[in-house]
Amino acid sequence: MTTSSNPLRDALDRRLPRIAGPSGLVIFGVTGDLSRKKLMPAIYDLANRGLLPPGFSLVGFARRDWEHEDFAQVVHDAVKEHARTPFREEVWAQLAEGFRFVPGDFGDDAAFETLRTTIEDLDKARGTGGNFAFYLSVPPKFFPLVVEQLKKHGLSEGPSDSWRRAVIEKPFGHDLKSAEELNQVVHKVFSPDQVFRIDHYLGKETVQNILALRFANTMFEPLWNRSYVDHVQITMAEDIGIGGRAGYYDGIGAARDVIQNHLLQLLALTAMEEPGSFHPKALVTEKLKVLAAVQLPDDLGAHTVRGQYAHAWQGGEEVLGYLEEEGISPDSKTDTYAAVRLTINNRRWAGVPFYLRTGKRLGRRVTEIAVVFKRAPYLPFESGATEELGENALVIRVQPDEGVTVRFGSKVPGTSMEVRDVSMDFAYGESFTESSPEAYERLILDVLLGDANLFPRHQEVELSWNILDPIEEYWASNGKPAEYAAGTWGPVEADEMLARDGRSWRRP
Amino acid sequence: MKIDLTETTSSRINSALIEGRRAIGAPAIGMVLTLVIVTDEGSAYDAMRAASDASREHPSRILAVIKRPGRTPRDRARTRLDAEVLVGSDSSAGETVLLRLHGELVNHAESVVLPLLLPDAPVVVWWPADAPDNPAQHPLGRLGQRRITDASAAEDPVAALGLRAASYTPGDTDLAWTRITPWRSMLAAALDQKHSKISSAVVEGEAYNPSAELLAMWLADRLDVPVERTVSDGPGLTAVRLTTADGVICLDRADGALAELAMPGQPDRHVALKRRETSELIAEELRRLDPDEIYRSAVQFGVERIMTGERAKAAKPEQRPEPEQEQESGQQQDQPRQDPASAAAPKPARKRTAESKK
C-alpha cells in the first residue's frame, strides 16, 4: 500500500483509516476462551469500524465435528455476547460469508490438506490474495507441531507477492533456554519479521499513551531522570485467583506469567530513551538498549519477594487459599505474588530503583506506573506546615479507570500555612474508552497491516528471561513463598523489602 | 444537575456552572473543547442529542445558542437571555448550557458565548441548518477554530456547496463531506489493490444529496478523469463506478447498509457501508481540528465541472428505463436530471423532504 501509487490516498487526508489489504486469519484452537472472548469479538468490531478489507475471511481449526454453519453460529454467539460495538446485520452478513471451519487434530495430515484447499478456495472466492495470518491460540507445547505441519503442507509460504504470518501468545517459554528453543522452532518456518508475539498490554491505549506523554510534551521529560525521580513503582494487581487455570499456572507463577512480559515491557517504555522515530526498528532498538541495561540486586534475598495467597475473606466473599485450589499440590511453591527491585545502568537512571510487583487475589484489579519524585531539597515553611506533604508523583493508570494522575502539594484553605497532597486527574477512561479500540482489535489489525511496533521481538523476550532467570533460580533453591491473606496488598515481606530502602508501596 | 436561569447574564451562567460542578462533587472535568451549536428551537433537540452522544468520545462544554427573535414587534423589542445549565448525569459527559436568546440579543449572540468558552480549549461552531454564507466571517464563527456546516440541510444543497467553496477558510468543514468518509476509505482500499488505469467515473445517488456531488468532485480532483453524477432513488449514495481498461470497479450500495464491491478479475465481495447517525459524524469531525486540505481541494474543484444528466447524455447517450411515476415519496418527482423531458431544468430549488437529508 503505497500512497504514491494510489491517487485516492494522500498523507493530508487523515480521515481515511488504515484498512488492511486483502487477507484472512486462521485461528488454531478456535474453541478456546481467548478466541471466543477476545479474538472473535475483536474481528467483528474491526469489521464494524470498517477497518477490515472486503473479502476478509476467518478460518477456524479445531478438533470439533463442525460444519461451517456451526462455526458461524459459535462466532455469532461470541460476538453477540462480547463485542463492544453494537451488533449490525449488514456487518455480520459481510463477515459471515468468509467463515470456514476445518476440523482436525494438529497431527492430522488430511486436516492440514483441507486447510490448504480451504485457503486456496478463499483466494478464489473471496479474493484474499494468498495473504493469511495463522493465530496459534494453543498451548505452547503444540507450537512446534503446528508450525511443522504448516511448513509440511506448504502453508507457511504463499504465492509470490503475498504474505504468511504467525501470531503467537504468551508464554514465550518459561526460561531463556525454552524461549530460545521456541524462537528457533518458529523462525525455522516463519522469518522473524513475520512472527507477531501478542502482549495484549502493548495494544492498550494507555500503554501507547506512555510514549505520547513522554515524547509529545515538554513538561515531563526534563524531570524524567535520576535528578528528580526518586523511584518508580510498576504494579499489576489482579483480584481474582487462578480460577480453572491450575494446570497452566502451577509451576509457572506470577513472575513468569506477568513480570517477564507485561511489567518488563512497561518498564522498557517508561525508562527508554527517545527513539529517533516510531519506525519499528528505532523503537525496538531503544527498548532493547534499556532492557540490556537492567541490573538485578546483588542480594536477591533482600530485594525480591514472592508470596502465595492464603484462605481469607476478600471483598465480602470467603475465598480459598492457593494451596487449597483444585489441582494444586498442598506443597506447591509456585508464587502468586512477586515483587522485585531492578536498577537500570545508564546515565539517566543510575541509582533509581524500579520496583515491580504483581499478584493474584490482591486488593483490587489495577495496573499502574507510578513515577515518584524526590522531595524538595529545602522547604521554607514552618515546621509542621509540610508534615502531611508526601512525595510528588505522576501515576499512569493503565487499567481500569485509565488516565494520568499528578500528585503535588497545595495549601489547605485557612489562615495558617499548611500544605497537603492533592491530585490532578486526567481521566482517559471515563470519557474516551467508549470508542477507543480494544487491545486485541488494534493488535489483529496491526498483524494484518504488518505493523510490528506493538509486538515484542524475540530479542526482547530473550532479554526479559535473562533478567528473570536468576531470580527464579534463586527462589527455587531458597526458602518458600511468604503467605498473604487474599484481598490484601501482598505479604508483609514486600513492605519490609521497601522499608529497607526507606520507601513504601503506594496503595494503588 | 439542572439549573434554570431566566433573564440572566453570562457571568451568572458561569457561576451556575461552577455551582453545578461543586454540587455533584466533580471539581475537575477533562473537557477537551467547547462546542457551540447555533440553531433554532426546531432543530435544537436533535442537534443536542447528537452532540451529547459525541461528547462521550470528546468530553466538551456544549453551548446551544437558540435564537428566538420573537414574532411581534413587542417581543422583538424586549431582549432577554434564559439559560438551562446541565452538569453531571443530565449532560452526558461534560457540561451543557442551553441559551435562549430573545429579541435584539439574537444579533449579539457572540457577546453571550464569548465569556462561556473554556479556557485554552479549542472552539467548534456547528450550524445544523441555516448556516451563514460565510461561516468564518460570522460573529460566532469567528470564535471557532472549526466551523461545521451541513449543505444537505440547505434549501439548495448543490448551490450551498458553491457557497462553501467560495467562502472556504481553513477550519471549515461540512457534514456532507463527513458522510462520505466510509465511501472514500473503501474506494481508496479498493485502489490499493492492483488495477489498471482509470478512465472515467460515475457517482450515483439520490437527488439533493450534496454528498454525491462532493464524492464526484473528490474523485475528479484526485483521479483527474471525467466524473458523471447520476440520480437514483437512494437512499443516499447508491453506487460509484470507476471505469478501467480491464473493466469496471464498482461499489454498489442499494439498501443504505450493505454494499457490494466488484473488481475486475476478483470475486464480488460484500462490505458493510452503513449510513451513519449525526452523532457519529460529529464525533468524527471533532477528532481532528486542523484544516482539512482534502475537503478544500474537493469542494473548490467546482460543482459545475461535474457532468450531470444532460451534459453526460450529450457525451454518451444512455437510456433510463425507470418510469418516474413509480416513485412513492414526493421529493422524487423533483428530479429533473433523471427525467429526460425536463432536461433543461437542473435547478433543484424545491422543498426537500426529510428522507433525502442523509
Side-chain angles (χ1 to χ4, degrees), chain A residues 1-3 5-22 47-57 86 88-98 122-129 161 403-404 422-436, chain B residues 27-32 55-60 93-94 177-178 180-182 184-195 198 218-219 221-224 251 255-261 263 265-274 280 283-285 287-288 290-295 297:
Chain A
M1 253 206 241
T2 50
T3 37
S5 66
N6 185 346
L8 295 186
R9 288 209 186 271
D10 189 314
L12 288 174
D13 199 344
R14 285 178 284 248
R15 285 173 198 259
L16 299 191
R18 306 181 304 164
I19 296 185
N48 206 351
R49 292 181 210 275
L51 300 177
L52 289 183
F56 175 83
S57 302
R88 296 191 341 217
E89 274 307 326
E90 72 278 2
V91 176
W92 177 253
Q94 167 194 350
L95 257 187
E97 288 171 12
L122 282 173
D123 284 345
K124 283 193 208 92
R126 305 271 298 161
T128 40
D161 275 4
V404 181
V422 293
S423 43
M424 207 158 67
D425 237 25
F426 157 56
Y428 216 94
E430 247 173 36
S431 329
F432 289 87
T433 41
E434 206 152 322
S435 346
S436 70
Chain B
I29 301 172
M31 286 177 290
V32 295
S55 81
R56 260 189 275 276
E57 187 177 329
H58 309 278
S60 35
W177 173 249
T178 323
I180 56 175
T181 304
R184 296 195 305 121
S185 73
M186 197 46 73
L187 289 167
L191 295 200
D192 280 336
Q193 300 172 42
K194 263 193 224 135
H195 60 87
I198 294 162
W218 176 66
L219 287 170
D221 185 33
R222 304 298 309 184
L223 299 174
D224 202 14
L251 186 58
D255 63 353
L258 189 64
E260 197 171 80
L261 175 67
M263 293 188 69
Q266 288 195 21
D268 291 359
R269 288 163 294 198
H270 281 126
V271 290
L273 210 58
K274 192 174 162 20
E280 294 170 77
E284 178 185 320
E285 275 310 324
R287 231 164 267 156
R288 304 205 76 98
D290 50 346
D292 190 339
E293 271 300 304
I294 307 295
Y295 164 68
S297 183

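Keep in mind that the numbers below use all heavy atoms, side chains included, and drop hydrogens, waters and symmetry copies. Lettering follows sequence order; numbering is per chain, from 1.
- Paired with A:Arg15 under the rule side chain to side chain contact (heavy atoms under 4.5 Å, CB included), one option of B:Arg287, B:Glu285, B:Arg288 passes, and it is B:Glu285.
- Of the residues considered (A:Pro22, A:Ala93, A:Gly50), A:Pro22 shows the highest number of contacts with chain B, using heavy-atom pairs under 4.5 Å.
- Contact of A:Pro53 with chain B is not made at all, since no heavy-atom distance falls under 4.5 Å.
- Atom CZ of A:Arg14 is separated from atom CD of B:Glu293 by 9.5 Å, given to the nearest 0.5 angstrom.
- Between chain B and the options A:Lys124, A:Glu97, A:Met424, the largest number of non-hydrogen pairs under 4.5 Å is found for A:Glu97.
- Scanning all heavy atoms of the two residues, the minimum distance from A:Ala125 to B:Pro267 falls at O-CB, 2.9 Å.
- Here the OG1 atom belonging to B:Thr181 is positioned 8.0 Å from the CG atom belonging to A:Asp13, to the nearest 0.5 angstrom.
- At distances below 3.5 Å, not a single donor-acceptor pair connects side-chain atoms of B:Asp192 with backbone N or O atoms of A:Gly21.
- Qualifying side chain to side chain contact (heavy atoms under 4.5 Å, CB included) partners for A:Ala47, counting only residues two or more places apart in sequence or in other chains: A:Leu52, A:Val91, A:Leu95.
- Put simply, CE on B:Met186 and CG on A:Leu8 are 13.0 Å apart, with the number rounded to the nearest 0.5 Å.
- Both the backbone and the side chain of B:Arg222 come within contact range of chain A, judged by heavy atoms closer than 4.5 Å.
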side-chain contact (heavy atoms from CB on, under 4.5 Å) evaluation trace for B:Leu191 with A:Arg9: CA-CA 9 Å; B:Leu191 295 200; A:Arg9 288 209 186 271; over 6 Å; no

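- Of the atoms belonging to B:Arg184, heavy atoms from both backbone and side chain fall under 4.5 Å from chain A.
- Annotation for B:Ser185 and A:Ile19: closest pair O-CD1, 3.7 Å, computed over non-hydrogen atoms.
- If you measure heavy-atom distances from B:Asp292 to chain A, the contacts under 4.5 Å come from the side chain alone.
- Closest approach of B:Leu261 and A:Pro54 over heavy atoms only: CD2-CG, 3.5 Å.
- Taking every heavy atom of both residues into account, A:Asn6 and B:Ala188 meet most closely at ND2-O, 2.8 Å.
- Heavy atoms closer than 4.5 Å to chain A are found in the side chain of B:Ile294, but not in its backbone.
- Put simply, of B:Ala257, B:Gly265, B:Pro182, the one with the most heavy-atom pairs under 4.5 Å next to chain A is B:Ala257.
- Within the 4.5 angstrom heavy-atom criterion, no atom of B:Ser297 approaches chain A.
- Neither the backbone nor the side chain of B:Asp224 comes within less than 4.5 Å of any heavy atom of chain A.
- Chosen from B:His270, B:Glu284, B:Met263, the residue pairing most often with chain A at heavy-atom distances under 4.5 Å is B:His270.
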